[in-house]
K.L.:
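To start, I am sharing the structure in question, which I have written as structure tokens.
If you're wondering where the values come from, they're calculated on a predicted model, not measured in any experiment.
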Amino acid sequence: MFDIEEIERTVRDNKLGLQKISGADKDGLLRRLYDTFIVGDPRALWESFRYVPDRIDCNMEDPYLHLPEVMDMDAVYYFIIDYWNVDLIIFKGRMSDIYTFIGDCDGLDEFYIMTPDYLQLYSITDHDVLYHIDVRRNRPVVAKSQD
């Protein structure tokens, strides 16, 4: 079952070099995440992106399997886990460690991977869709008028 113990087990058993972000650092990072990528306070972040995301074609396969094709496995990213729509748990680490975590953590189904410069965001949703946003090239979402 996907719970805090499963998250801790995954990091421990795989000896992953992931740094958990908490306290004021987490608050600041979440503020930047929302200010850059998210409108409002949605149940699922991907429901309210500020930019129209690119949907990466995964040939009807698990999007997780395609992450090495679109991401630098040696680069460091923020890994943001949507924990039951109650909390966002954040780690910082190499993509290779994040990839191992995703593959081993039982029940993980919605998460985000953000570059440390806050310019790009990847998302795998609970509907097995892989999204990518690059604020330098994706167009902003046009607000719907309230007629």
Side-chain angles (χ1 to χ4, degrees), residues 1-12 14-56 58 62-64 66-146:
M1 179 175 161
F2 182 65
D3 57 16
I4 297 297
E5 289 78 24
E6 175 62 7
I7 292 170
E8 292 170 351
R9 181 213 57 82
T10 303
V11 172
R12 182 184 62 249
N14 291 288
K15 298 176 177 60
L16 301 177
L18 298 175
Q19 171 194 359
K20 189 168 184 183
I21 307 297
S22 60
D25 291 336
K26 177 180 175 181
D27 294 343
L29 192 141
L30 288 175
R31 210 169 14 262
R32 287 288 304 268
L33 169 73
Y34 275 80
D35 289 349
T36 305
F37 296 103
I38 311 300
V39 175
D41 189 20
R43 180 198 64 78
L45 300 183
W46 60 268
E47 293 177 333
S48 293
F49 284 142
R50 289 183 185 275
Y51 297 87
V52 177
D54 295 322
R55 184 175 178 151
I56 298 172
C58 296
D62 185 340
Y64 155 79
H66 295 270
L67 290 175
E69 298 165 14
V70 297
M71 302 185 76
D72 179 349
M73 297 301 280
D74 292 323
V76 172
Y77 296 92
Y78 289 110
F79 177 46
I80 304 159
I81 301 167
D82 186 337
Y83 188 72
W84 298 105
N85 299 318
V86 174
D87 192 13
L88 295 172
I89 298 171
I90 305 173
F91 291 98
K92 183 177 183 179
R94 292 204 179 286
M95 187 58 208
S96 56
D97 285 343
I98 294 169
Y99 188 75
T100 299
F101 182 100
I102 296 166
D104 187 50
C105 189
D106 185 39
L108 178 67
D109 71 349
E110 188 168 310
F111 56 87
Y112 305 85
I113 301 170
M114 183 172 62
T115 58
D117 60 7
Y118 302 94
L119 294 177
Q120 295 184 67
L121 182 72
Y122 294 85
S123 170
I124 292 183
T125 72
D126 57 345
H127 298 280
D128 284 338
V129 176
L130 175 55
Y131 288 123
H132 174 245
I133 295 171
D134 184 328
V135 299
R136 298 164 293 192
R137 64 172 196 77
N138 288 75
R139 64 182 167 80
V141 171
V142 176
K144 296 176 181 141
S145 64
Q146 301 292 328

K.L.:
Which atom names give the shortest non-hydrogen contact between Glu110 and Leu45, and what distance separates them?
P.N.:
OE2-N, 4.4 Å

K.L.:
Give the minimum heavy-atom separation between Met114 and Leu121, together with the two atoms involved.
P.N.:
CB-CD1, 3.8 Å

K.L.:
Whether the side chain of Tyr83 engages the backbone of Ile4 through a donor-acceptor N/O pair (distance < 3.5 Å, no angle test) should be reported.
P.N.:
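Yes: the side chain of Tyr83 pairs with the backbone of Ile4.
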
K.L.:
Are any non-hydrogen side-chain atoms of Ile7 and Ile89 less than 4.5 angstrom apart?
P.N.:
yes

K.L.:
Dump the intermediate steps for ring-ring contact (aromatic ring centres under 6.0 Å, His included) on Tyr64 and Tyr99, then the final yes or no.
P.N.:
CA-CA 8 Å; Tyr64 155 79; Tyr99 188 75; 4.2 Å; yes

K.L.:
Counting only heavy atoms from other residues, nucleotides and ligands, does the tally under 6.0 Å from CZ of Arg137 exceed 12?
P.N.:
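Buried by this count: over 12 neighbours within 6.0 Å.
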
K.L.:
Is the shortest heavy-atom distance from the side chain of Ile113 to the side chain of Met71 under 4.5 Å?
P.N.:
yes

K.L.:
Under a 4.0 Å threshold between the charged nitrogen and the carboxylate oxygen, would Glu5 count as salt-bridged to Arg9?
P.N.:
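Here Arg9 does not pair with Glu5 in a salt bridge, since their nearest N and O are not under 4.0 Å apart.
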
K.L.:
Checking Asn138 side chain against Asp134 main chain: does a donor-acceptor pair fall under 3.5 Å?
P.N.:
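Yes, Asn138 side chain to Asp134 backbone: donor-acceptor pair under 3.5 Å.
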
K.L.:
Given Asp87 and Lys26, is the side-chain contact (heavy atoms from CB on, under 4.5 Å) satisfied, shown in steps?
P.N.:
CA-CA 11 Å; Asp87 192 13; Lys26 177 180 175 181; 3.0 Å; yes

K.L.:
Are the side chains of Ile102 and Ile124 in touch, meaning some heavy atoms are under 4.5 Å apart?
P.N.:
no

K.L.:
Of the non-hydrogen atoms in Arg50 and Thr36, which two are nearest, and what is the gap between them?
P.N.:
CD-O, 3.5 Å

K.L.:
Under the criterion side-chain contact (heavy atoms from CB on, under 4.5 Å), I'd like the reasoning laid out for Leu18 against Phe101: C-alpha separation, chi angles, the key distance, then a yes or no.
P.N.:
CA-CA 9 Å; Leu18 298 175; Phe101 182 100; 4.1 Å; yes

K.L.:
Minimum heavy-atom separation for Ser123 to Trp46, with atom names?
P.N.:
OG-CB, 4.2 Å

K.L.:
Give me the atom names and distance for the closest heavy-atom approach of Pro63 to Asp128.
P.N.:
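Looks like CG-O, 3.2 Å.
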
K.L.:
Using modelled atom types and a 3.5 Å cut-off, is there a donor and acceptor pairing between side-chain atoms of Tyr122 and backbone atoms of Val70?
P.N.:
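Pair found, side chain donor or acceptor close to backbone of Val70.
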
K.L.:
Counting the benzene-type ring for Trp, do Phe91 and Tyr78 have ring centres under 6.0 Å apart?
P.N.:
no

K.L.:
Can a donor-acceptor pair be found, under 3.5 Å and without considering hydrogens, that links the side chain of Arg55 to the backbone of Tyr131?
P.N.:
no

K.L.:
Counting N and O atoms only, with roles assigned by atom type, does the side chain of Ser48 sit under 3.5 Å from a partner on the main chain of Ile38, one being a donor and the other an acceptor?
P.N.:
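No, the answer is negative, given that no donor and acceptor are paired below the 3.5 Å cut-off.
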
K.L.:
Please lay out, stage by stage, how Phe37 and Phe49 fare under the test ring-ring contact (aromatic ring centres under 6.0 Å, His included).
P.N.:
CA-CA 6 Å; Phe37 296 103; Phe49 284 142; 7.7 Å; no

K.L.:
On the six-membered ring of Tyr118, is Arg32 placed so that its NZ or CZ lies under 6.0 angstrom from the centre and within 45° of the ring axis?
P.N.:
yes

K.L.:
For the backbone of Asp74 and the side chain of Asp72, can you confirm whether one donor and one acceptor N or O come within less than 3.5 Å of each other?
P.N.:
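Side chain of Asp72 to backbone of Asp74: a pair is present.
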
K.L.:
On a heavy-atom basis, which atom in Val141 and which in Val52 lie closest, and how many Å separate them?
P.N.:
CG2-N, 3.7 Å

